[in-house]
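Taking it in order: structure first as structure tokens, then the write-up.
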Amino acid sequence: MGKNCDEKTCNCKKGVSRRGFFSSVGAGAVVLATTGSFAADSPSKVLEPDSTTPITLLVNGRERRILVEPRWSLLFVLREKFGLTGAKAACERGECGSCTVLIDDIPRYSCLTLAVEAEGLPITTLEGLMKGEELGPVQQAFVEHDAFQCGYCTPGQIMAVEGLLRHTPDPTLDQIRRGVSGNLCRCGAYKNIFAAAQKASELKRGGGAK
Amino acid sequence: MLPNFKYVRPGSVEEAIDHLTSEGARVHAGGTDLLGCLRDNVFGALKVVSINALDDLRGIRQTPDRGVRIGALATITQVENHELINERYKGLAMGASEVASPQLRNQGTIGGNICQKPRCWYYRGEFHCIRKGGNLCYAFGGENQFHCIFGSDKKCCIVHPSDIAPALVAFDARVRVSGHKGDRLVPIEKFYVLPGEDVERETVLEAGEIVTEIILPPIIEGTRSSYRKVRARRSWDFALAGVALALVLKGGKVESGRVVLSGAAPVPWRSHTVEKVIIGQKLDSKTITRAAETAVHNAEPLAKNSYKIPLFKAIIEEELTKIAIG
Amino acid sequence: MKASDKPYYLRGIPVPETPAPGKELHPWKETHVIGKPLSRADAYQRVSGAAIFPSDTLLPDMLYGAILRCPYPNALVKSVDVSQAERLSGVRAVITGSTPGADLKWTYLQGSSTKLFDPHCRFEGETVAAVAAETPYQAWDAVQTISVQYQVLPYTVDERSAIEPGAPKVHQPGNRVGQPEKYQRGGVEKGFSEADVVLEQDYRTECELHTPLELHGCVAKWDGDQLTIWESTQGVYGVQSKVAQVLALPLSKVRVVGHYIGGGFGSKLQPGKYTVIAALLAKAAARPVKLFLSREETFLSCGNRPPSNMRLKAGVKKDGTLTALQFSVTGTGGAYPAGGVSLVDWLIRDLYTCPNVQTEAIDIFTHTGPARPFRAPGHPQGSWALEQMLDALAEKISMDPVELRLKNIPAFSQARDGNPKYTTTGLRECLETGAKTFGWREALQRVRESGRAGHIKRGVGMAACLWVAGGGGPPSTIIIKLFSDGSANLNMGASDIGTGTKTVMAMVLSEELGLDIDRIQIENADTGTTQYATPSGGSKTVPTEAPAVRAAAVHVKQQLLAMAAEDLKTQAANLIIKDGEIVAASDPSKKIKITDVAGLKKRGVLVGVGYRGPNPKNKVTNPFGAQFCEVLVNTRTGEVEVVRFVAAQDSGRVMNRLTYENQVIGGITMGIGLAMTEFRVLDKNETGKLCNKNWHDYKLPTALDVPSDIVSVPVELEDSEANSTGAKGLGEPVTIPTAAAIANAVYNATGIRVTTTPINPVQLSLLLSEAKIKG
């Protein structure tokens, strides 16, 4: 994909996954693609209030059909309907980051995302970073550097770091700090989170893991 | 928790506009501001109209005249990192980089950002304030440390929360507004509404109108730009004071340009007084000091925000000095 | 983990000698597991999503609860109409104060009593009614349709005006919470007359809110008359007793489970009304109910660190001898007695040697949410005043501030009756080690030499502290089960609130029995299955629980050795445990594998019970600390960047270097919040309502507000008296001196003494510009 091409007209869109949209500008910089788009030729979607409508969510590589009310947040559906409690509810107003998931490989607050708005887009939660029962590299690094205390903001921190590293594999300390600056940790383990992110970057690059 | 609403996701701009003309309809782009307002019951919504299927509203590209067109659905992260914007409209990229948090920049759109609702805690809280149809601005006699020093028109003393809009004003961007009667291009400076004109709205958008794109004019040779923001904490915070600069320097002198303040007024506040002082002048320390003094000359601080006077002086001085050095 | 991957200290752990039954345990002379930087025993659970926090609980058929709260700071509830709410789809139960069984008494401190749904709401956010519905959305819909008639009354929310004549009364007798609390030793007037320098200054710390990440709340479920509660709490037994008391249930019928907790910081030491409300809703609907508050509700009703208005007058001689300290504080615990000024004066009384001290603390009622203990209650506030004062005195007598503190190190607790000695006091070592690690003198010199050039000024500052508690004490009961395969179960009532309690306890067991940590299963924080424990807080969990764990482990060992003695036909006193085997000390060829001990095989499990013994008589156990920091100040804008921190803490033995470090980092981060970003804003002029009840308007420090350069230097004094592990509390002292150290550094950089928190550009830009005008 060319550096400044418009996603809509760019040929490189064809035949590649959404991840192919990402381009980078300059060393270490990140360009994140639009957080997905619905096919323009699909008919209008309508969900009536106070009633539920089936939608399909693509969570951790699995298609899951679910009846939702239009107002249900993605966080609510993940936690209370799918039992994926890795994403945590803490403010439900986009101010703390404990609900962070990757949508299209980009960290977003699932509390400020309507479930219906995530339809058809690949969603990754903390559970999706596991390989069976084995921890992913970011999770391992968090263990090693004791990058948490109570552990409640931790899933969100891990997802923020995961999202950062998917686009910036070898971040500077400043990039790391900015990368997790949308995730509050009241226990105050930030310093260890920075160290864990650095370690995770090494693990990912060294281990060839995604 | 969010209240009940109907949700529609139309496939065309025309359809979206149709939906938005109906009573109680609200537009959903990134959703970050809308859902927050609905949770706080700042306003209700009978129908939420998602424009996220409108792929025409995405993307950032160069226009034939070497300006830049930013689709309303471009995310703030995309604006922040776009090469063309970083190369030519640095102040805009800097503004985008100062917005909220990474996740909100990934999700929030530029269209949503320039249309966002004020962050005043009375407006967002359980206070029936004048902007919500009440008859009182609680901030005037209340907790106004984060409120405005210009442009309240003695009616409402919110500050405009955007970090992007001041930069867009500095670059003289235009906003394409689409509605039933067709499109219109509004200079962003004219896009915002002061409390004196209409205290219950922030922009000139009429019912059923949406922002579809933002057009940056071609950059003038010699333009230097920046955005500087001071905040109470270093992430996820709005400006206590901010300044966007886009100045054209030729032969050591400021030939033209704009100085726009954030955190100062209910709208992005163009400081004509500073512009007057610096245009045609060399940016030497004397001019810079005078510009900084002038900036806050007519300010009307409230009981708890007089700190904004020295703060604006400080950042204007700092930023002009940086621009002068290059 | 493969056996070969194990760090050396987990391979064949040598085991300390086993005292004979009845003999007292003394702290280990040498440790092999304790003190090591081991990852947490439950790290996997916490990073994988496997940890089920109370708010993650999902039960079949579960409903969701929501509470209607009073929007006024002072109002009478005249009527509540729930008819519309009851008709809404999905609603399964609605309760108010007039619902049968819901007219319940609720008590605060000092016997102050109110109702679960009190008709007189004395703070914004008081409970009025509650709903259970099929989804949380429907529950909130229903809450909003409840129609309440309020008689809105005048309010007073600012403690500074609440004692003025004519201020609306929170309770009939008036707005003072009892008599002022007074303390005196010596005579301050005499002390001031002996001083070469006397300074007097007002200070204020703003109200801070705990806001742990996990919301306050619980899931409640009835099985007949048996109530089970999964609550986000620092102490399951505290929740059990309060719920049983309010609902008049036998303790045995209330089971409280809290395996994980997403932060508390003192605000979850006690249950809230929400716990009882959840139980009532679950009863009414005959279905389990999940009731977690909204974030906004937690700002209103889950406690705070009260604001403190302080005045301190201090006298010092030229040689640095403190001659007198006179201190007063007013504060508010809110609408009910809740310790509004509790312990604010403790550091003034006890941290430095001073013969003449007088303090007075005045607690005032206001129409605000009741306070709850907040990490080191009172101490950071008192430190903000005292440690800035020490800094100012040092400057006046041209003495290094570290030196001034070293001059006044107390050998005993001056403020306690009988002047007991500390079991250990590391204040001197903390100051000296901290200064050395930080490079204090050099840093001061660098600041002096950097001079006047540029508008970004560098500054350094320091502050010291002690924490009034931190020695722990009884009661605590621990049960350890050693299984026949040599693995063990550790059963403890205490919660691990994120400090690493479980990990530390597993390490104690590992140390004593030579077990690998990964062979230990921990069962904790469940009144149904674990032993009585007091809530985790007050920096007392490790010094309370660890000795009990050790005692239980030794109890297991003693039984095991007795059994092995039979197998080996020798005396138990002759046996030691080494590399998983029991060996006769006199004849190493005489040995048996633990798993081969016949008694163990036969019985299947060996049970050891340990109790926390009493603390030493006539001694006090307190942790001490000193922190040093460096800041950069933009003297035009008032922006402050904290560049680095060094913390030297004396908390006795370091139990786990990794979790120790983490506490220090966390305490400093929280102290940065107090110093620089956090303050509650009440709309005191017009409505008395809370303006900033969310995390955008109430600002916690973010990743960009804290330095990545934080160094912790443990000052590990051997404490043979405190308890059998030699560990003292850590969680609280690490946050006490932080804010004052920052204020002192800002002064060092700018010459401006910021006496009110927070030091942010709002305040500092103005102070800087005023200073410029004054020249």
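In what follows, chains are A, B, ... by sequence order, proteins preceding strands, each numbered from 1.
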Nearest 0.5 Å, what's the [atom1]-[atom2] distance between [X] and [Y]?
X        : Y        : atom1 : atom2 : value
B:Thr75  : A:Ile106 : OG1   : CD1   : 7.0 Å
B:Asn52  : A:Leu121 : CG    : CG    : 9.0 Å
A:Leu47  : B:Phe5   : CG    : CZ    : 9.5 Å
B:Met1   : A:Trp72  : CE    : CH2   : 11.5 Å
A:Ile103 : B:Gln103 : CD1   : CD    : 11.0 Å

Top of B:Leu2, B:Asn4, B:Thr109 for chain A proximity - count of heavy-atom pairs under 4.5 angstrom: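 Heavy-atom pair counts peak at B:Asn4.
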
Greatest number of heavy atom pairs closer than 4.5 Å to chain B - which of A:Ser51, A:Gly97, A:Pro70: A:Pro70

Distance-minimising heavy-atom pair for B:Pro10 and A:Ser44: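 Smallest interatomic distance, heavy atoms only, reads CA-OG, 3.2 Å.
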
Sole residue of B:His19, B:Lys6, B:Lys47, B:Arg9 in side-chain contact (heavy atoms from CB on, under 4.5 Å) with A:Val46: B:Lys6

Residues of residues 37-45 of chain B contacting chain A, heavy-atom criterion under 4.5 Å, by residue number: B:Arg39, B:Asp40

Contacting moiety of B:Arg105, where chain A heavy atoms sit under 4.5 Å: side chain

Donor + acceptor pair across side chains of B:Tyr7, A:Glu69 (<3.5 Å): no

Part of A:Thr113 within contact of chain B (heavy atom distance under 4.5 Å):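 For A:Thr113, heavy atoms of backbone and side chain both lie under 4.5 Å from chain B.
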
Part of A:Cys99 lying under 4.5 Å from any heavy atom of chain B: neither

Listed once per pair and sorted, the side chain to side chain donor-acceptor pair (under 3.5 Å) pairs that draw on residues 120-129 of chain A, sequence neighbours left out: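 Residue pairs passing side chain to side chain donor-acceptor pair (under 3.5 Å), neighbours aside: A:Asn60-A:Thr125, A:Thr125-A:Glu127.
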
Any residue of residues 176-193 of chain A which, by heavy atoms, sits under 4.5 Å from chain B: A:Arg178, A:Gly179, A:Ser181, A:Gly182, A:Asn183, A:Leu184

Side-chain donor/acceptor pairs under 3.5 Å, residues 24-36 of chain B, sequence neighbours excluded:
unit_1: B:Asp33; atom_1: OD1; unit_2: B:Arg124; atom_2: NH1; d: 3.4
unit_1: B:Asp33; atom_1: OD1; unit_2: B:Arg124; atom_2: NH2; d: 2.8
unit_1: B:Asp33; atom_1: OD2; unit_2: B:Lys117; atom_2: N; d: 2.8

